[in-house]
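Residue numbers start at 1 and run along the sequence shown.
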Amino acid sequence: IKGAEMMDQIDENGFVENFELLCYRKDRSIIDVVISANTVEETDDSPALIEAIISDVTDKKAASKLKFEKEAAEIANEAKSELISTISHEIRSPLHAIIGYGNIGKKKVSKGDKKKLYKFFDEITKIGYNLSEILNDLLDLSKLEARKFNYEFHKHSLSDVIESVINEFEGLAEENEIKLLFSPPTFKDIVALDASRMKQVVRNLLSNAIKYSIKGHEIELSLTDIKDSIDVAIKDSGPGIPDSDLKNIFSKFIQSTQSTSPIPGTGLGLAICKQIIEDHQGTIWAENNPESGATFTFRLPKPANTIDSSTSKSSSIN
């Protein structure tokens, strides 16, 4: 097929330059070649012909591939080393805080200062939740690395999934003086999905939206009917995503430079979200709003175009 494509180009243009092709040696081994060729018109002394220079680039391509794989492995190792260092620090710091608050709380018990005791227990609870998020990300990372996520697909309403997560975040949103807006759609929003994993995606996106939104502003969640698919969008009013972050926002170990949290997390949440959505045969993307803030959107196919309900799947993670 590639050879026919090359001949078509020669017929159309009279030449071809640096055309890559796979060829067989006499021993039937395959080699990579680059061909530059042109037509020579017929003369009285010679018929029309094609002259070409064929270069064997097998070793060169192999060396280039090896170099790329080596660089990719080095980048991955550096990222993992940085992750281990970050996680060690992020786990150690809150653990020290938990121990500190616990010790102070024990001393205050006999004095009966309920207001201060409540503050200590509240801080311990918040830190515990942060640690839980870190550990959950690490557990999911182990599944990513093992190339296996298990799903139980059933038909669910996306509205039910979203409203369930909104209920979980009402307290946090109120604490940050942020309104969560969502109006169930008038169209049928049934999709075959793993409800637990899909809640994990919405939970992660909504948590980020609250983290970066400005107090007193709103976060809008919406569903849009797109022919054979349904879009789920979460629009915040924060500072938006820096251009340097936007390209790699869904890559593993990447944390936004906008984060000011004392416990920024693992940088795995969005990468895990991307994998879950892709395992649902969907797509996910992020973009900055014209006015302010950013919108994260994921698109899922409707049941006729997706995995049958009531099925289990062990996904292959790329």
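Electrostatic pairing of D225 and K188 does not count as a salt bridge here, judged by no charged N lying under 4.0 Å from a carboxylate O. Between D228 and K302 there is no salt bridge, since no side-chain nitrogen of the basic residue lies less than 4.0 Å from a carboxylate oxygen of the acidic one.
Among the candidates I162, V191, T297, V161, the single residue satisfying the side chain to side chain contact (heavy atoms under 4.5 Å, CB included) test with V232 is I162.
By the neighbour-count criterion of 12 heavy atoms within 6.0 Å, atom CZ of F68 is sparsely surrounded, having that number or fewer from other residues, nucleotides or ligands. Residue-environment remark: CG (D59) stays at or below the threshold of 12 foreign heavy atoms within 6.0 Å.
Under the rule for a side chain to side chain donor-acceptor pair (under 3.5 Å), the partners of S157 that lie at least two apart in sequence or sit in another chain are D189. Applying the side chain to side chain donor-acceptor pair (under 3.5 Å) criterion to D160, with sequence neighbours excluded, gives no partner residue.
Residue pairs that meet the side-chain hydrogen bond (donor to acceptor under 3.5 Å, both in side chains) test with at least one member in residues 27-39, sequence neighbours left out, are R25-S29, D27-S29, N38-E51.
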Legend entry - Worked check of side-chain hydrogen bond (donor to acceptor under 3.5 Å, both in side chains) between Q200 and R197: CA-CA 5 Å; Q200 181 180 355; R197 289 296 182 187; 2.8 Å; yes
Legend entry - Stepwise side-chain hydrogen bond (donor to acceptor under 3.5 Å, both in side chains) test for T295 and N289: CA-CA 7 Å; T295 298; N289 305 325; 2.5 Å; yes
Inset, instruction - Show the numbers, then the answer: is there a side-chain hydrogen bond (donor to acceptor under 3.5 Å, both in side chains) between N167 and E163? - result: CA-CA 6 Å; N167 289 335; E163 288 174 342; over 6 Å; no
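For H280 and F298, the gap between ring centers reaches or exceeds 6.0 Å.
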